[in-house]
Amino acid sequence: LSSSNPNLQNIPIKTEWGKKIRRAFVPPRRGDVFLSIDYSQIELRMLAHFSQDPALVEAYKNGIDIHAISAAKIFRKPVEEVNSAERSVGKTVNFGIIYGISAHGLSQDLGVPRNQSQEYINSFFESFPKVNEFFEGVVNNAKETGEVVTLLGRVRKIEDINSSKFQARSAAERMAKNTRLQGSAADLVKKAMIDTCDYIKQNGYKAKLVVQIHDELIFSMPESEMASLAPELKRIMENCVTLNIPLVCDMAAGPNLTDLIDM
């Protein structure tokens, strides 16, 4: 889902001005507090689920830091020796792979030469070979059927997947890959919105779901409902679909969108 006037999905967050702006967003009902429940690494978890790559699946089943694992593979060292700068590279590569980033794009993001960024990408696919097989399968299926189907069965037509023009075909291939992952993540978030709202209504709570921002749901509720309702909403979100790896949500609460404290 998207929003405009204002675009609530692009509220600044990292700068001081951003924090001041976010403090202006307060619960719509006097006396309420915000509860934020945010899916952790939803697209990467979808990638692990669909690709069945053993290293990715094992990492998520055992709660191991996937960015550190990627960095360890890229820099060819044990996970415990990965430093924060190397982990940051691993994180950038991980999310770049999801969005179909090129070596040129990754080199700009990381500030490294293009040949080095290409080595990072190659290292990722060598370390997680099932991921490449998964992406190739998505593209090949799209070429045969002209469409991509998400986790919960939504269909997206991919018009230029067999185009004779390289640029159009490449863009269509990226769209096919992105749709399978990000479209499935969107399915999950929408299912979470439905299931949490149903639970609130069926159990007579005053809480309301007020906004969805990417992989995050923000609820407004009386503080008296927080202790009993927050854990249930988190449980619902983590179990609204069944994957072969666990879904994990982070929770935070507070009086506005800046001053949220982790729970």
Side-chain angles (χ1 to χ4, degrees), residues 39-77 79 82-143 148-151 156 158 161 166-167 169-189 214-215 243-248:
Y39 280 109
S40 170
Q41 300 176 355
I42 189 170
E43 285 99 346
L44 281 169
R45 289 176 191 272
M46 286 292 174
L47 183 60
H49 170 73
F50 285 130
S51 71
Q52 289 285 289
D53 186 89
L56 282 178
V57 170
E58 181 184 5
Y60 279 121
K61 282 186 174 180
N62 295 321
I64 303 171
D65 183 352
I66 192 64
H67 300 319
I69 288 178
S70 289
K73 304 282 189 183
I74 289 168
F75 294 105
R76 293 176 170 79
K77 59 166 57 177
V79 173
V82 170
N83 60 39
S84 59
E86 291 166 339
R87 182 187 182 277
S88 180
V89 170
K91 181 177 181 179
T92 302
V93 172
N94 283 347
F95 286 111
I97 295 296
I98 289 173
Y99 298 117
I101 200 167
S102 65
H104 175 70
L106 185 60
S107 71
Q108 290 187 316
D109 286 350
L110 293 175
V112 299
R114 186 186 179 285
N115 64 330
Q116 189 172 348
S117 66
Q118 185 63 59
E119 287 179 14
Y120 290 166
I121 292 173
N122 292 344
S123 178
F124 178 94
F125 285 119
E126 288 168 7
S127 303
F128 306 109
K130 290 287 185 181
V131 170
N132 204 34
E133 290 180 22
F134 160 69
F135 281 136
E136 287 178 352
V138 170
V139 170
N140 290 337
N141 187 68
K143 287 180 177 179
V148 174
V149 182
T150 65
L151 177 72
R156 182 176 188 177
I158 310 294
I161 193 68
F166 174 79
Q167 284 187 318
R169 188 173 67 253
S170 296
E173 289 178 0
R174 285 195 300 274
M175 184 185 296
K177 296 174 186 177
N178 289 350
T179 297
R180 186 74 166 136
L181 291 179
Q182 294 168 39
S184 295
D187 284 357
L188 171 60
V189 173
H214 304 302
D215 306 331
L243 303 181
N244 57 25
I245 48 109
L247 286 168
V248 174

Are any side-chain N or O atoms of Thr179 and backbone N or O atoms of Met175, one a donor and one an acceptor, separated by less than 3.5 Å?
->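 Side chain of Thr179 to backbone of Met175: a pair is present.
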Give me the ring orientation class for Phe50 and Phe134: parallel if the planes are under 30° apart, tilted from 30 to 60°, perpendicular past 60°.
-> parallel
How far apart are the closest heavy atoms of Ser40 and Arg45, and which atoms are they?
->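 For Ser40 versus Arg45, the nearest heavy atoms are O-NE, 2.7 Å.
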Could you tell me whether Glu126 and Lys73 make a salt bridge, using a distance below 4.0 angstrom between a side-chain N and a carboxylate O?
->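 Salt bridge flag = no for Lys73 with Glu126.
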Taking the side chain as every heavy atom from C-beta outward, state whether Gln118 and Ser107 have any pair of such atoms under 4.5 Å apart.
->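 No - every pair of side-chain heavy atoms lies 4.5 Å or more apart.
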Would you check if the side chain of Arg180 reaches a backbone N or O of Val149 as a donor-acceptor pair within less than 3.5 Å?
->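 Yes, Arg180 side chain to Val149 backbone: donor-acceptor pair under 3.5 Å.
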Supply the atom-to-atom distance Ile66 CD1 to Lys91 NZ, rounded to the nearest 0.5 angstrom.
->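 That separation rounds to 13.0 Å.
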Provide the closest heavy-atom pair for Leu106 versus Ser117 in the form atom of the first, atom of the second, distance.
->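 Taking every non-hydrogen atom into account, CD2-O, 3.6 Å.
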Would you say the side-chain atoms of Ser123 pair up with the backbone N or O of Glu119, donor to acceptor, closer than 3.5 Å?
-> no
Going by heavy atoms in the side chains, are Tyr60 and Val248 under 4.5 Å from each other?
->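 They are not in contact (no side-chain heavy atoms under 4.5 Å apart), so the answer is no.
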Can you tell me how far CG of Leu47 sits from NZ of Lys130, rounded to the nearest 0.5 angstrom?
-> 13.0 Å
Indicate yes or no: at least one non-hydrogen side-chain atom of Val93 is less than 4.5 angstrom from one of Ser70.
->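 In short, these two side chains do not touch, never coming nearer than 4.5 Å.
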What is the distance from atom CD1 of Ile74 to atom CZ of Arg87, rounded to the nearest 0.5 Å?
-> 12.5 Å
Taking C-beta and beyond as the side chain, do Ile42 and Val189 meet within less than 4.5 Å on heavy atoms?
-> yes
Could you grab the distance from atom CG of Asn122 to atom OG of Ser127, nearest 0.5 Å is fine?
->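 Atom-to-atom, Asn122:CG and Ser127:OG are 10.5 Å apart.
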Which atom pair, heavy atoms only, marks the closest approach of Leu56 to Ala48?
-> CB-CB, 3.8 Å
Would you name the heavy atoms of Ala176 and Val138 that are closest together and state the gap between them?
->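 Between these two residues, the closest heavy atoms are O-CG1, 3.6 Å.
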Is there a side-chain contact between Asn94 and Gln41 (heavy atoms, below 4.5 Å)?
-> no
Step through it carefully: locate the ring centre of Phe124, locate the ring centre of Tyr120, and say whether they are under 6.0 Å apart.
-> no
Between NZ of Lys177 and CD1 of Ile158, what distance do you get to the nearest 0.5 Å?
->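 CD1 of Ile158 is found 12.0 Å from NZ of Lys177.
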Under a 4.5 Å cut-off applied to non-hydrogen side-chain atoms, are His67 and Val82 in contact?
-> no
Could you give the distance from CG (Leu247) to NE2 (His49), rounded to the nearest 0.5 Å?
-> 9.5 Å
Got a sec: does the NZ of Lys61 have more than 12 other heavy atoms crowding it under 6.0 Å?
->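 At most 12 heavy atoms, drawn from other residues, nucleotides or ligands, come within 6.0 Å of this atom.
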Does Ile161 reach the side chain of Arg169, with side-chain heavy atoms less than 4.5 Å apart?
->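 A side-chain contact under 4.5 Å is absent here.
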Within a reach of under 6.0 Å around NE2 of His214, are more than 12 heavy atoms found that belong to other residues, nucleotides or ligands?
-> yes
Going through the checks in order, is the side chain to side chain contact (heavy atoms under 4.5 Å, CB included) test met by Leu151 and Leu243?
-> CA-CA 10 Å; Leu151 177 72; Leu243 303 181; 4.2 Å; yes
Contact check, side chains of Leu188 and Met46, non-hydrogen atoms, under 4.5 Å |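 Yes - at least one pair of side-chain heavy atoms lies under 4.5 Å apart.
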Is there a donor-acceptor pair closer than 3.5 Å between any side-chain N or O of Asn83 and the backbone N or O of Ala85?
->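 Yes.
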Do you know the tightest heavy-atom contact between Val148 and Ala142?
->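 Of all heavy-atom pairs spanning Val148 and Ala142, the closest is CG2-CB, 4.1 Å.
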Identify which one of Leu110, Asp109, Asn115 satisfies the side chain to side chain contact (heavy atoms under 4.5 Å, CB included) criterion when paired with Val112.
-> Leu110
Between Val89 and Phe75, does a side chain to side chain contact (heavy atoms under 4.5 Å, CB included) hold up when you go through it step by step?
-> CA-CA 10 Å; Val89 170; Phe75 294 105; 4.0 Å; yes
